[in-house]
Amino acid sequence: MRTTARTDLDALLEGLSKKKSDWLAVGVPERLTLLRACMKGITDVAERWVLDGCAIKGLDPKGPSSGEEWFGGPVVTMRNLRLLVTALESGGAPMPTRLRKHTSGAIIADVLASGAYEGALFAGHRAEVWIEPGKPPTQGRIYRGPKRTTGAVCVVLGAGNVSSIPFMDALYKLFAEDEVVLVKVNPVNEYVGPLLERAFAPLISAGYLAVAYGGANEGAILCEHALCDTLHVTGSDRTYDAVVWGADPEERARRKKQGDRKNTRPFTAELGCVTPVLVVPGPWSKADLSFQAKHVAAMVANNGSFNCNAAKVVVVAKGWVQRQAFLTELEQALAKTPPRRAYYPGAQDRFRAFLEHYPQADPVGPTGENVVPWTLVPDVAPKHGEYALTSEAFCGVLATTSLEANEPAEFLTRAVRFANEDCWGTLSCMMLAHPSTMESFEPEIDRAITELRYGCIGVNAWAGMGYALGSMTWGAYPGHAPEDIQSGVGVVHNSMLFDHPRKSVVHAPFRPLAKPAYFSDHRTAHTLGRALLAHEAAPSLRTLARVMLAGARG
């Protein structure tokens with residue numbers, strides 16, 4: 001494990017502290033120059049970035065599985081940078097595709113397909129940012145003034161699962177919240193640190209961004225450092241609690257009870273979720289059942305299931321006539337999904353804990369050394385406090401549960417209540433509904449989307465798309481208290497720079513023409529990843545054509 005010495009940590013924070021007020025005075029033209037230079041930097045390191053990620057995760061660097069590393073690393077980072085360029089070119093207030101007022105009173109901004117290229121790339125998709133009720137859809141607070149008078153140094157504790165997370169978090173702090181940033185790279189994916197130091201060299205050499213390495217000890221030093229003004233973490237609620245309330249369990253419990261925070265700095269965080277998939281009963285064909293089973297399996301298997309938005313509990317109606325057919329297809333889809341290296345620490349322990357709680361757990365996928373098999377936990381009781389509903393597996397375990405319902409309206413009422421009250425966390429949620437069901441039960445579907453208390457909702461889409469699109473917000477549903485932080489507080493990404501976002505919703509076709517890029521059996525995902533990177537770096541008809549061709553061959 002690489003470790004930055006204490007004296008060097010001090011020096012990095014001292015350098016940033018001297019620059020934090022200077023950053024406030026950096027105008028839009030200079031910020032655009034820095035962003036464009038970083039885009040070139042991403043192109044320069046992309047190949048090595050993917051190769052190193054494949055080596056850590058046991059993926060074939062020349063095969064389709066490497067597409068995951070293209071999508072989860074250079075592609076989404078490049079897109080984030082490009083969208084920030086667009087935002088700043090618009091003075092911090094890029095024009096949404098549409099603004100409308102929902103029947104609930106909330107203002108909804110459509111934030112996808114703003115041009116011909118996007119329209120072609122995301123045909124049939126919609127992405128929405130819902131604004132906090134009673135708040136205006138204003139954008140780019142830091143670009144329309146008045147400017148803050150005192151700068152801030154933010155310490156970002158980097159996530160170890162998806163390599164794009166730490167530096168995209170840093171971009172948000174820099175360009176949406178006007179704070180200079182020190183990123184502490186996670187030991188699990190520390191390989192990406194030196195590469196992104198190269199890619200983000202323009203920001204680093206200017207003194208607005210710094211990178212450090214190490215584990216919990218270095219993180220604790222940074223979080224308590226006198227020159228650290230604010231904090232951000234993508235990771236575990238246990239990390240948040242240790243920082244805010246204390247590492248010792250007794251001290252932590254005492255401080256929570258008394259409301260006596262050990263660390264009182266402003267702290268934003270994205271901390272995971274037991275992500276439910278609400279399967280709305282409907283007239284599904286055999287092809288529908290097969291596709292959506294593969295869809296859910298992909299939501300589990302992506303990145304070895306080491307995603308905070310991985311599907312973790314499938315919720316079906318007990319009276320749905322196709323319930324068992326769907327669950328059988330799901331088991332078969334998981335069984336056919338290639339096994340993945342359990343690269344993230346603690347995966348085997350979490351897997352064993354689920355086996356201890358659920359003797360009926362059924363490993364349906366192949367196993368082997370350093371592999372957690374894809375595992376279904378059938379017939380989990382849909383009750384408050386149930387282990388599978390309150391413990392994020394963070395490995396390839398998927399629970400299934402059935403609610404007492406026969407038809408869509410009844411199911412949606414019960415499923416929304418179940419998801420909001422019985423599943424831990426509020427980061428991400430998915431709903432799968434047949435087009436005829438969505439048409440016949442449009443008010444009930446709309447009410448369910450409105451009432452779901454999740455930061456990102458995928459309707460016939462994996463919520464991971466919300467992370468990748470960049471124009472949507474990414475983070476917990478607002479309202480968690482520090483004493484019970486669950487999925488966290490605050491948002492990142494949000495390249496439209498909305499000042500008062502509440503949640504985001506992404507809609508996709510029930511059966512899209514092209515196979516979604518995150519399907520584990522996508523045959524050209526690696527080719528598509530390269531094509532998407534080139535397109536995000538400089539969109540054109542030529543780059544779009546390459547993307548469409550690669551996607552069509554999947």
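Only this structure's heavy atoms are used, side chains among them; waters, hydrogens and symmetry mates stay out.
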*Between D241 and K256, is the closest basic N to carboxylate O distance under 4.0 Å?*
yes
*asked:* Given 3.5 Å as the limit, does a donor-acceptor pair link the side chain of D288 with the main chain of Q292, or not?
replied: no
*Where is the tightest heavy-atom contact between A298 and S520, given as atom of each residue plus distance?*
CB-N, 4.3 Å
*Residues in side chain to side chain donor-acceptor pair (under 3.5 Å) with S104, at least two apart?*
H102
*Step through the shown structure and confirm whether more than 12 heavy atoms of other residues, nucleotides or ligands are within 6.0 Å of CZ on R352.*
yes
*Cation-pi between K262 and W245: NZ/CZ under 6.0 Å from ring centre and within 45° of the ring axis?*
no
*Do D362 and Q360 pass the side-chain hydrogen bond (donor to acceptor under 3.5 Å, both in side chains) test, and can you show the C-alpha distance, the side-chain angles, and the key distance before you say yes or no?*
CA-CA 6 Å; D362 181 18; Q360 77 271 30; over 6 Å; no
*Any donor-acceptor pair under 3.5 Å linking the side chain of N186 with the backbone of N189?*
no
*For R340, check side chain to side chain donor-acceptor pair (under 3.5 Å) against everything at least two apart and list the hits.*
E68
_Verdict with reasoning, L427 to Y454, per side chain to side chain contact (heavy atoms under 4.5 Å, CB included)_ = CA-CA 5 Å; L427 177 70; Y454 284 84; 5.9 Å; no
*May I ask you to decide whether E218 forms a salt bridge with K184, counting only side-chain N to carboxylate O separations under 4.0 Å?*
no
*asked:* The criterion is side chain to side chain contact (heavy atoms under 4.5 Å, CB included); which residues satisfy it with A301, sequence neighbours excluded?
replied: T337, W374
_Test log, rule side chain to side chain contact (heavy atoms under 4.5 Å, CB included), inputs W130 and I449_ = CA-CA 11 Å; W130 291 46; I449 294 170; 4.0 Å; yes
*Nearest heavy-atom pair of R2 and E190: which atoms, and what distance?*
N-OE1, 3.0 Å
*Shortest non-hydrogen contact between G529 and W70, atoms and distance*: CA-CB, 3.7 Å
*Can you name the one residue among I165, L157, T268, L271 that meets side chain to side chain contact (heavy atoms under 4.5 Å, CB included) with T234?*
I165
*S487 side chain to G425 main-chain N or O, any donor-acceptor pair under 3.5 Å?*
no
_Lys/Arg-Asp/Glu bridge criterion (N-O < 4.0 Å) met for K318, E404_ = yes
*asked:* Tell me every residue that passes salt bridge (charged side-chain N to carboxylate O under 4.0 Å, His left out) with R341, counting only those two or more places apart in sequence or in another chain.
replied: none
*Who pairs with Y518 by side chain to side chain donor-acceptor pair (under 3.5 Å), at least two apart in sequence or on another chain?*
H295
*So, the side chain of E392 versus the backbone of F394: is there a donor-acceptor pair under 3.5 Å, distance only?*
no
*Working to the nearest 0.5 Å, report the span between NE2 of H493 and CG of N80.*
6.0 Å
*Can any side-chain N or O of T437 pair as donor or acceptor with the backbone N or O of P435 at less than 3.5 Å?*
no
*NZ/K173: more than 12 non-hydrogen atoms of other groups inside 6.0 Å*: yes
_Using a 3.5 Å distance criterion without hydrogens, assess whether the side chain of Y467 forms a donor-acceptor pair with backbone atoms of N309._
no
_Under 6.0 Å between ring centres: does that hold for F291 and F519?_
yes
*asked:* Taking CD in E439 as the centre, count heavy atoms belonging to other residues, nucleotides or ligands within less than 6.0 Å. Is the count above 12?
replied: no
*Does a sphere of radius 6.0 Å around CZ in R254 hold more than 12 heavy atoms from other residues, nucleotides or ligands, not counting ones at 6.0 Å or beyond?*
yes
*Set of salt bridge (charged side-chain N to carboxylate O under 4.0 Å, His left out) partners for K257, sequence neighbours left out*: none
_Minimum heavy-atom distance N263-C223, with the two atoms named_ = ND2-O, 2.9 Å
*Atom CD of Q324: over 12 foreign heavy atoms under 6.0 Å*: yes
*Atom CG of L278 and atom CG of L403: how far apart are they, to the nearest 0.5 Å?*
8.5 Å
*Are the side chain of K312 and the backbone of A388 linked by a donor-acceptor contact shorter than 3.5 Å?*
no
_Pair R255 + E251, salt bridge at N-O below 4.0 Å_ = yes
*Which salt bridge (Lys or Arg N to Asp or Glu O under 4.0 Å) pairs, counting each pair once, include a residue from residues 416-437, with sequence neighbours left out?*
none
*Using modelled atom types only, decide if a donor and an acceptor are shared between the side chain of S471 and the backbone of V111 within a distance under 3.5 Å.*
yes
*Please list, chain by chain and in numerical order, all residues satisfying salt bridge (charged side-chain N to carboxylate O under 4.0 Å, His left out) with R414, sequence neighbours excluded.*
E410
*For N460, enumerate each residue passing the side chain to side chain contact (heavy atoms under 4.5 Å, CB included) test, keeping only those at least two apart in sequence or located in another chain.*
L432, M438, F510
*From T400 OG1 over to L330 CG, what is the distance, rounded to the nearest 0.5 angstrom?*
8.0 Å
*asked:* If you count every heavy atom of other residues, nucleotides or ligands that lies below 6.0 Å from R523 atom CZ, does the total exceed 12?
replied: no
*Shortest non-hydrogen contact from N161 to C308?*
ND2-N, 4.2 Å
_Whether the side chain of R252 engages the backbone of G246 through a donor-acceptor N/O pair (distance < 3.5 Å, no angle test) should be reported._
yes
_Tell me whether H480 contacts the main-chain N or O of A476 through its side chain, where contact means a donor paired with an acceptor under 3.5 Å._
no
*Which value, rounded to the nearest 0.5 Å, describes the distance between K336 atom NZ and D521 atom CG?*
10.0 Å
*Pairing residues for A481 by the side chain to side chain contact (heavy atoms under 4.5 Å, CB included) criterion, not counting sequence neighbours*: E483
*asked:* Is it the case that over 12 heavy atoms from other parts of the model lie below 6.0 angstrom from the CD atom of E442?
replied: no
_Between S504 and W474, does the side chain to side chain contact (heavy atoms under 4.5 Å, CB included) criterion hold? Intermediate values first, please._
CA-CA 8 Å; S504 292; W474 187 248; over 6 Å; no
*Listed by chain and number, what are the side chain to side chain donor-acceptor pair (under 3.5 Å) partners of T527, not counting sequence neighbours?*
none
*Distance-minimising heavy-atom pair for T401 and A381*: OG1-C, 4.0 Å
*S402 OG to D379 CG distance, which is reported to the nearest 0.5 Å*: 6.5 Å
*When rounded to the nearest 0.5 angstrom, what is the spacing between CZ in F167 and OG1 in T77?*
9.5 Å
_T275 and W424: CA distance, side-chain angles, deciding distance, side chain to side chain contact (heavy atoms under 4.5 Å, CB included) verdict_ = CA-CA 8 Å; T275 299; W424 180 87; over 6 Å; no
*Quick one: salt bridge (charged side-chain N to carboxylate O under 4.0 Å, His left out) partners of E329, sequence neighbours excluded?*
K286
